[in-house]
Structure formats: structure tokens, C-alpha cells
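First comes the structure, then the notes that go with it.
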Amino acid sequence: MAQFKSDFLNVLDQRGFIHQGSDLEGLDALAAKEIVTGYVGYDATATSIHIGNLITVTLLYWLQETGHRPISLMGGGTSMVGDPSFRDDQRQLLSVEKINTNIESIKRVYSRILRYGDGPTDAIMVNNADWLLKLNYVEFLRDVGRYFSVNRMLSFDSVKLRLDREQSLSFLEFNYMIMQGYDFVELNRRYGTVLQMGGSDQWGNIINGVELSHRMGGAQLYALTTPLLTTSSGQKMGKTANGAVWLNGDLFSPYDFWQYFRNTEDADVEKWLKIFTRLPLDEIARIAALGGSEINEAKKILATEITAIVHGREAAEQAAETARAFFESGTSSANLPTTTIDRGPNEEWQLGRTTAAIIVASGLVSSGSEARRKIEEGAVRINDRLISDPKEIVFWQDLYEDTGAFKVQLGKKKVVLVRPV
RNA sequence: GGGAGAGUGUCCCGAGUGGCAAAGGGGGCGGACUGUAAAUCCGCUGGCUAAGCCUUCGUAGGUUCGAGUCCUACCUCUCCCA
């Protein structure tokens, strides 16, 4: 692709952030001569954002880093409606209280990555509930609704899935794209925002804002989307057995987070290094070129760098060290994820608990049946001993002395310390 | 308001019209091979005090020795007509 004039687009281009953009040349020219204010909107549907969102937060990081002003928009208003894009079912309606708690919880991650403040390129955080909840229905329809064509809205890919499956698309949800379009216009009025960015699934929603501004006689706005994160084998990124890879440590521990990236497929290492880390491109090129098993070194760097960005350098180093101890030295560190097991008041629990009970307590399986199955499959080790009987009693006196806990392993990679209380 | 259809193992898709813990995929998990990779092969994928018992096919009733399957009502959705 041709070289851009602005640092901003050059960085994004070289690192593989650009999937689609409206009038990239115009945006480039603008970014080359003045400070551009750009934003990304985030749902408040959970208490944390996940890996899929991290790519756009990083986008905001680079926006700021190249001399512009990022806005992180909390969807306090739009989350009341629920984005139907590429979903085949209706979202559950969230209460106002829930949305607000979610926003409070989500905020923490951003301040680690972006620099907030009052300066010209300091990031600001806004909530679209501030204007969306005050709208007057008829007024809004007349001022904004008149510019939306239902015919055109129905033609968007984002709602096709729903329509093709003959699933209901409620009028409530149908309004989501109108609200998001209006957000863009409103942010332009309030903060001179001219750029909205997001994942490729947001293209339709973003373009709606660009066109709305145009039709309302407002400023020229720009859209930019990032590629959808998929692994080379075609799977959606960020999903594990337990759900999404959350950025908040209480939902997904730094150790597990580090492990998630340590297990990156070979083919994805360079792509992830460019997108998620801040390492210089020439260094990325060097470590990504490592062949064969040496690529594992690159994966460790990748895991540590991303974990440092999200959880802090110290937590990242600790996760790396914990993993090194477990995988390379075979020792168990007290920093491994830990759960507890009740010693219990019962007489029969005086001496210990069954292997099955301990595995369940580790959280590695969700039921006694699953624990039995895993034992039969030869997948379980307690204190480094292969377990074959789910009814066998493990005695309290067999605790590992250094950690004061049982070391429970499921498979080759998952390990949890279970501490009696 | 009238007519025609749909809702299956709480990850998804999807067979099943009286004997069903319910075919087959995908995904996920475990094992083998490796490098904590990919690909490939094999196994597992409702719960429990476990050769037994309990719960599950939109919801609630009913028929039957026995219901995902038949009947009734209701809910949700889709399409056509008004």
C-alpha cells in the first residue's frame, strides 16, 4: 500500500490495523496537518472488556502516541438498546444500575493504556447516556430519523444474519444503528470528533454516522475499521472454554492471560506482536523470523509484553516466571492460580477428601462427573502423581510444604493450587 | 383478526413422529505425536451418595404401561392475507 503522509496512518498500516476506511486519503491529509480527535465506542454489557476490544483500545493508544486526541466512549445509552450487529438472537435487556456498575468496572483498563487529562492530546472518556437519554422522541425522529432509509438499513450485512435466519429483529434493536450514527454527530458537535474507529463488524454502524453528518449538513467525518481477530486456523479470537478472555484480572487472571498468548499459533505470532505490543517493527521482524521451536521465545515475549500492557509489568514478569517454573523446572510456585477447599466439619472429612472432590474444588472441571471422566482419561495429577481412582482419599498431611496446598493438574498445561481452609 | 410453519441435549447447527440420555456435524476438553504451536489420529462432551437413580427436547396440563414424538391450552418467532 502507498505510504501515508501522517504518522498515524503509517503506523496503523504497518502494524496491520487497517481493514477498511472511508476516504483514507482525506483522513491522512487531515492527520498530517492538525490534531485529529477520534473515538471508539464500547458496550457496557459486561463488567470487563475482552481481547476483542483490546485491539481498538490499542488503536486509540497509537492515535494518542502519534499526536492526536482519543476519546473512549462508554455506551451507557446504547447498551440500553443492545447492538444487533451479526447476532442471531436478541440481547437481554440490561438495567440502568447494571450498566453503570459495568462502566465503573470497565474504566480501570483504559487508564492503564491511555493518558487522560485536559491537554490537547489527552484522552477523554465520555458516556453517551449523557445525551441519548435526554432525547425527545418526536423531535429526534424529525431531526435525525428522517435521514435514515429503512430500505437501506435492512440491506446491511450486520442484520442479514438475523433476517436470513428468520429471527426477530425488534424495533428497539433496529434503532441501535441510528443511535450510534447520532453519537458520532453529537461527538463532532461537542468535541470536534471527526474519526470513529471500531472492529470490522462496526463498519455499517460507523458509516451511518458519516452519512448522517453529511445529510445533516455537518462536518466531513471519517470511518476506520480493524480486521476481525481470528487465529490462522480460522477461529474467533478470545474465546476459551470458560468464555471470553477478559482484561480485568478478577475475571481472568494475569497468569491465564499470559498463558493464552503463550499458546499462540506459530502463524499468528508476528501479527499479534504488531497489533498488541509496542515493540519496534524491526525488532518484531527479527524475533518473528525465529524458526522451528525457537519461535517459542517469540511467544514468551509476546505474552509478557501484552500482559504488561494490560496488567502491568510486574504482574507480567511474575506470570512469566511462574510459567517458567512450572513448565521448564517442573516446580510449583506459590504464584500459580489458587482455589480453596473446605476441610469440613464432618468426621469423615477429618483425614482428607476424595480426589474427585479436590479436582472439583480446583475449578478445572465443573462437576463430579467430569472429574471422574478426566480421571479415567488419565488426565489428572495431584501432587505430580497420576490419579486413577476418583474415590481415593488424598490426606491433608500430603500437602506440599512449600505452598501449603495440593497441586492439581488437568492435562499438561492447566495447573491450580488447592488450599484447604 | 384469519391462514401456514417453526421452537430439540442452556456453546452452535441439526436428525428424530410412541420404548430415547436422544443420530450426525462444528466447537470444546482429554490422550498420542510435537515445541506449552499447527496438522493428523483416538477418546470424551446432562447430574448424582453411580453397574442404580434423577433431570432434559418452548411452557403448562392430558392420553398411554411408556411421550421429543399423540391431544389441549398458552408463550415466542417467521411467512402470507386483512
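Bear in mind that the values here come from a model prediction, so they are computed numbers and not experimental data. Throughout, protein chains are lettered first and strands after them, A, B, ... in sequence-line order, and every chain is numbered starting at 1.
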(request) Could you pick out which residue, Ser366(A) or Gly378(A), lies toward the 5' side of RNA chain B when each is mapped onto its nearest nucleotide? (result)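 Upstream on the strand: Gly378(A).
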(message) Both Ala379(A) and Glu328(A) contact RNA chain B. Taking the nearest nucleotide for each, which residue is further toward the 5' end?
(response) Ala379(A)
Taking the same atom, [atom1], in [N] and in [M], what whole-Å distance lies between them?
N: A32(B); M: A38(B); atom1: P; value: 15 Å
N: U17(B); M: G61(B); atom1: P; value: 26 Å
N: G58(B); M: C75(B); atom1: C1'; value: 7 Å
N: U8(B); M: A15(B); atom1: C1'; value: 10 Å
N: A22(B); M: C77(B); atom1: C1'; value: 25 Å

Mate of [N] where both pairing distances stay under 3.5 Å, Watson-Crick or G-U:
N: U45(B); value: G27(B)
N: U17(B); value: none
N: G7(B); value: C75(B)
N: A51(B); value: none
N: C33(B); value: none

(message) What I want to find out is whether Arg353(A) reaches Asp342(A) closely enough, with some N-O distance under 4.0 Å, to be called a salt bridge.
(response) no
Should we count [atom1] of [X] as having more than 12 external heavy atoms under 6.0 Å?
X: Glu25(A); atom1: CD; answer: no
X: His19(A); atom1: NE2; answer: yes
X: Glu328(A); atom1: CD; answer: yes

(request) Please answer whether the main-chain N or O of Val210(A) pairs with a side-chain N or O of Ser213(A) as donor and acceptor at a distance below 3.5 Å. (result)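 Not confirmed, Ser213(A) side chain does not pair with Val210(A) backbone.
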With respect to the phosphate group of [N], does any side-chain polar atom (N or O) of [X] fall under 4.0 Å of OP1 or OP2?
X: Lys413(A); N: A37(B); result: yes
X: Lys414(A); N: G30(B); result: yes
X: Thr264(A); N: A37(B); result: no

(request) Give the rounded distance in Å between these two atoms: CD of Glu377(A) and P of C29(B). (result) 13 Å
(request) Could you run through nucleotides 49-58 of chain B and give me one letter per nucleotide, 5' to 3': B if any protein heavy atom sits under 4.0 Å from the base, S if only the sugar-phosphate is that close, - if neither? (result) -B--------
(request) Scan Glu294(A) against the nucleic acid and name what it touches under 4.0 Å (heavy atoms): base, sugar-phosphate only, or nothing. (result) nothing
(message) Need one value for Arg373(A): base, sugar-phosphate or nothing, where a base atom within 4.0 Å counts as base even if backbone is also close, heavy atoms only.
(response) sugar-phosphate
(request) Using the ring of Tyr61(A) (Phe, Tyr or Trp, six-membered ring only), decide whether Arg278(A) places NZ or CZ under 6.0 Å from its centre and within 45 degrees of its axis. (result) yes
(request) Please list all pairs passing the ring-ring contact (aromatic ring centres under 6.0 Å, His included) test where one or both residues lie in residues 282-311 of chain A, with sequence neighbours left out. (result) Phe257(A)-His311(A)
